[in-house]
Amino acid sequence: MSFTRRQFLATAGLAALGQGCTSPSGSANAESFDFAFLTDMHVQPERGATDGLRLCVRSVNALAKRPDFAITGGDLVMDALDVGLERSRMEFGLFDECMRGLELPVHHTLGNHDVVGWSAKGLVPDAHHDFGKKLFAERYGRGRTYRSFSHRGWRFVLLDSVGYDAATRSYRGWIDEEQLAWLRADLAGPGRGMPTVIVTHIPFYSVWHQVHSGPTARLDAKALVGNVHEFRKLFDQHDVRLVLSGHGHVVERIEIGRIAYIQGGAVSGMWWKGPVFGKPEGYGVITCRSDGTFDWNYRDFGWKART
Ligand SMILES: [Zn+2]
């Protein structure tokens, strides 16, 4: 890549920053690339959800500065936990159909609603091939529910934050020991010294419940990742810059030390029933620079909920 081209890309990246930009900008000369972050699509046949996701996909395709790739933050489908296998498969089929229009490579993160049959209802037998996380792993993760990759000097880690709660036969926010050990090795090995983006469906931190319900509001085990402390301590030893999440459908940004914890709203808004506390259906565009800084924008793709 020539110097002129690099300059052009840097300028294009800065020009693409909208009013939603809230993080400190890096050096104007740093080379940059964008990626899109789409979370909580919750695809279903009802409420025009497939038209909504297609509109979102067209909006991403039309961005003036084309992102290098997209990451989804989980909850691809409305729900696989509490429904029969036929309904789950139909929703995943609709999701794939909509996403085929995306003109970018895409990496999917597992959400709780993408796990098949973890429910007291017991609609899917435990022994079934597609039970639990197997359907997602085979369809989107080459057999895995968490993984990592590098892109132009940055490291990206997609975590599986959906733990099993035997007491309720459902999920809780939890990342198991095996994954923690894998992450330790990944950050110290292939990711060593690289600015890193972590993606987790269930957030590590959120103040939204306190904002909404009062300062002493208690959270249940489903709201946040319960063993987050182990991860935060690990992140402090490495160059983790950004932790992206979904799950709560709100847009919020919490900075602790040098790490920004951003919950990226929802493509589905309030499960295709309209905006979430005034925030429209949308997705994130993140500009990563070679100096390790980034900018994040939340973009409204113009969907109007159908009644
Ligand atoms: Zn969720």
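Each ligand, and each atom within it, is numbered from 1 in the order the structure gives. When reading the values below, keep in mind they use all heavy atoms of this one structure, side chains included, and skip hydrogens, waters and symmetry mates.
At a threshold of 4.0 Å, the pair E178-R184 does not count as salt-bridged, since none of the basic side-chain nitrogens sits closer than that to a carboxylate oxygen. Remark: R89 does not engage E86 in a salt bridge, criterion side-chain N to carboxylate O under 4.0 Å. Salt-bridge annotation for D236 and K233: absent, with no side-chain N of the basic residue lying under 4.0 Å from a carboxylate O of the acidic one.
Apart from L224 itself, the hydrophobic cluster it occupies contains L219, where clustering links Ile, Leu, Val, Met, Phe, Trp and Tyr at side-chain heavy-atom distances under 4.5 Å.
For the Zn ion (ligand 1), the neighbouring protein N/O/S atoms at less than 2.8 Å, given as residue and atom, are D75 OD2, N112 OD1, H201 NE2, H247 ND1.
Every residue two or more places apart in sequence or in another chain that forms a ring-ring contact (aromatic ring centres under 6.0 Å, His included) with H108 is listed here: F95, Y140.
Applying the salt bridge (charged side-chain N to carboxylate O under 4.0 Å, His left out) test to every pair with at least one member in residues 207-223, sequence neighbours left out, gives no pairs at all.
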